[in-house]
Amino acid sequence: MTAIPVAPPENRWATPKRVSLVPLVALIFFSVSGGAYGIEPLFSTSGPGMGILLILVAPLIYSVPHALICAELGTAIPVEGGYYHWVKRGLGRFWAFQQGVLQWVCSFVDMALYPVMFTSYLSSLISAVAPGRHVFFEFHLYKADIQVDLNWVICVGVIVLFTLLNLMGAGWVGDSSVAFAIICLTPMLLLTAIGLYQLVADGTNPVSAMTAEQGQSTWNAFGAGLFIVMWNYSGWDSVSTVAGEMENPRKHLPRALFWSVLLIVIGYLLPSLASLAVGADGENGWKKWGDGALPDIAGELAGPWLQYVVTIGGLFASVAMFSALLASYSRLPSSLSHDGYLPKWVSKESKRYKMPIASIIGSSVVYALFCFSSFQSLIIYDVFLTNIGILLEVTALIALRIREPRLERPYKIPGGWWSIGLIAACLLGVSAWAAIQQYSEEGTKAVVYCLIVVGASLLLYPLLAARKEARASAAADRAAANGRDAELGDGAGGAAEPGAGAGAYGLSGWEADSAHSDKAVGGTGTDSVEA
């Protein structure tokens, strides 16, 4: 393993707008949660008592451990590309490539769900936009029947609108997320106030039943519910990929993670308790709850007006989650391009906003294609891919603690190796349980999809790495030839200064003035990547 020096730190590159503390909290909020939308199946699966317990326990065994890792690595290596560079520095280029590719592929179906969620809420207000109601044309592709209808066109419209916003930079996305958070949380505050008032006025115990069924074991209820709730608490590393566009990430990121954890837990807990005022016995309440049940719950609590308000909140939550996560995932192909695995044009930046145009637009085009219902079933592989990403980050944290104990860490996880061991055990246990649950629900199909994606990524690396090395070697030969020509031409020692250009840093495609190159912001000394 050879230490390869990378570019020395430099001042923050020019961007129109940086992400300050409050917008950063909003970005994390929408990258992880978006509100209580989606938590409803927890209660019909595990029961009200276990559901509330899981909302409180899951952050301790999943969210907080992952957020602590993000706080330490995000402040030690606050660069554009985030967790891709954490893994590269800790584990080397091979594993960083796997992290970048697998998480980007995972986003294909995950991101497509949010425009679909938007049209789902919209169709409850305007039935004409429901899937299949207005079909423009159909065609057959391989084994799938593709239907282009009004529903899909609206999905594409949502994607186009928030792609344009993302092309202006993460600062604008963060500011818009603050406005969306106010819009989304206001219906939740109304629902909470009305529901809790009814609980107190009626003297109802919302958690009188611990499990969903009388014969259901506590362990079964806990395990089934954990699989649901962990996905409502995942995504803490997402915002790290735009660290290069934050104001003082080494100071703000740990604070933003702390306030986000608190906001998200309260955002799940209080509306859930309030919702349990509806049909507290379960038969006419929580036993029938499924995805998207929150507007109906609001209607039963206070009538159609609250149902409409909560539905509108769901509309804004879905597009805000898409916008925040697009800012995150679109930086992955750009980072791969800067490291020479993808063509240089993928990371080409706009002149005004310094954003990777092709990376953002290309990601959005893929997400639009995956909005077709024929492809949405592919989401069953994302559990495995997300778990792989989390475990690679844990491993990178441990590797950097061992190999680079003197690395500047503005935030360091307290408790030493005991804390790191506990964090690793929690995340490994929850990830393993989620994989087991996914296998039990989807069978070998989920495993096969995962193996196909991982296998393709493993095979792709040596091909792209060889191409990258060939290009680097050719560039070095050209530079040497140019140096000899200059020396012969003027005799003044016209060779380039040591350290100038991409070759000095061992990074194909590195540019000194790039807003997205592999540089630590605000650090001292020279960073290194293990190859």
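Position 1 is the first residue of the sequence; numbering continues from there.
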Could you walk me through whether Leu191 and Val309 pass the side-chain contact (heavy atoms from CB on, under 4.5 Å) test, one step at a time?
CA-CA 10 Å; Leu191 185 149; Val309 169; over 6 Å; no
[X] to [Y] - nearest heavy-atom pair and separation:
| X | Y | answer |
| --- | --- | --- |
| Ala26 | Gly174 | CB-O, 4.4 Å |
| Phe29 | Ser260 | N-OG, 4.4 Å |
| Phe30 | Ala324 | CB-CB, 4.0 Å |
| Gly267 | Ala36 | O-CB, 3.7 Å |
| Thr386 | Gln103 | CA-OE1, 4.1 Å |
| Ala277 | Gly195 | CB-O, 3.6 Å |

**Request:** Please report the C-alpha distance between Phe372 and Trp152 in whole Å, then the side-chain angles of each, then the deciding distance to 0.1 Å, and finally whether the ring-ring contact (aromatic ring centres under 6.0 Å, His included) criterion is met.
**Result:** CA-CA 7 Å; Phe372 287 116; Trp152 183 79; 4.6 Å; yes
Within the structure provided, determine whether [X] and [Y] are in side-chain contact (heavy-atom separation under 4.5 Å).
| X | Y | answer |
| --- | --- | --- |
| Leu226 | Val57 | no |
| Leu315 | Met117 | no |
| Tyr329 | Ile360 | no |
| Leu385 | Val454 | yes |
| Val32 | Ser234 | no |
| Val383 | Phe227 | yes |
| Leu257 | Cys70 | yes |
| Leu68 | Tyr411 | yes |

Quick check: does any side chain N or O of [X] sit under 3.5 Å from a backbone N or O of [Y], one acting as donor and the other as acceptor?
| X | Y | answer |
| --- | --- | --- |
| Ser120 | Val116 | no |
| Tyr83 | Ile390 | no |
| Thr241 | Ser328 | yes |
| Ser419 | Pro414 | yes |
| Thr186 | Ile182 | yes |
| Asp149 | Gly132 | yes |

Under 3.5 Å, is there a donor on one side chain and an acceptor on the other for [X] and [Y]?
| X | Y | answer |
| --- | --- | --- |
| Ser323 | Tyr114 | no |
| Thr163 | Ser364 | yes |
| Ser363 | Trp104 | yes |
| Tyr121 | Ser318 | no |
| Gln99 | Glu393 | yes |
| Asn220 | Gln216 | yes |

- Leu427 vs Ile69, side-chain contact (heavy atoms from CB on, under 4.5 Å): CA-CA, chis, key distance, verdict: CA-CA 11 Å; Leu427 292 177; Ile69 290 174; 3.6 Å; yes
Requested in this report: Among residues two or more places apart or on two chains, list those pairs meeting salt bridge (charged side-chain N to carboxylate O under 4.0 Å, His left out) that have a residue in residues 173-200.
Outcome: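 Residue pairs with at least one partner in residues 173-200: Lys17-Asp175.
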Mind checking the [atom1]-[atom2] spacing from [X] to [Y]? Nearest 0.5 Å is all I need.
| X | Y | atom1 | atom2 | value |
| --- | --- | --- | --- | --- |
| Phe118 | Asn151 | CZ | CG | 10.5 Å |
| Met230 | Tyr62 | CE | OH | 3.5 Å |
| Ser46 | Trp286 | OG | CH2 | 10.0 Å |
| Leu102 | Leu392 | CG | CG | 8.0 Å |
| Ser33 | Asn232 | OG | CG | 7.0 Å |
| Leu150 | Ile126 | CG | CD1 | 9.5 Å |

For Ser107 and Tyr367, what are the C-alpha separation, side-chain angles and deciding distance, and is it a side chain to side chain donor-acceptor pair (under 3.5 Å)? CA-CA 8 Å; Ser107 76; Tyr367 302 150; 2.8 Å; yes
Verify the neighbour count for atom OH of Tyr439: are there more than 12 heavy atoms of other residues, nucleotides or ligands below 6.0 Å?
->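 Incorrect, the count does not exceed 12.
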Around atom CH2 of Trp231, are there more than 12 heavy atoms from other residues, nucleotides or ligands closer than 6.0 Å?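 Correct, the count exceeds 12.
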Check whether the ring centres of Tyr233 and Tyr268 lie less than 6.0 Å apart, and answer yes or no.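 For Tyr233 and Tyr268, the ring centres are under 6.0 Å apart.
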- request: Run through Leu273, Val278, Leu196 and flag the one making a side-chain contact (heavy atoms from CB on, under 4.5 Å) with Pro206.
  value: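 Only one of Leu273, Val278, Leu196 forms a side-chain contact (heavy atoms from CB on, under 4.5 Å) with Pro206, namely Leu273.
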#### Entry: Worked verdict on Trp86 versus Ser240 for side-chain contact (heavy atoms from CB on, under 4.5 Å)
CA-CA 10 Å; Trp86 304 347; Ser240 70; 3.4 Å; yes
Carefully, step by step, assess Tyr197 and Asp202 under the rule side-chain contact (heavy atoms from CB on, under 4.5 Å).
CA-CA 8 Å; Tyr197 173 80; Asp202 298 339; over 6 Å; no
Carefully, step by step, assess Tyr84 and Phe97 under the rule ring-ring contact (aromatic ring centres under 6.0 Å, His included). CA-CA 8 Å; Tyr84 167 80; Phe97 179 86; 8.4 Å; no
Mind checking what makes salt bridge (Lys or Arg N to Asp or Glu O under 4.0 Å) contact with Glu72, not counting sequence neighbours?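 Scan of Glu72 (salt bridge (Lys or Arg N to Asp or Glu O under 4.0 Å), adjacent residues dropped) gives Arg401, Arg409.
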Could you tell me whether Arg331 and Glu245 have a side-chain N and a carboxylate O separated by less than 4.0 Å?
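Salt bridge present between Arg331 and Glu245.
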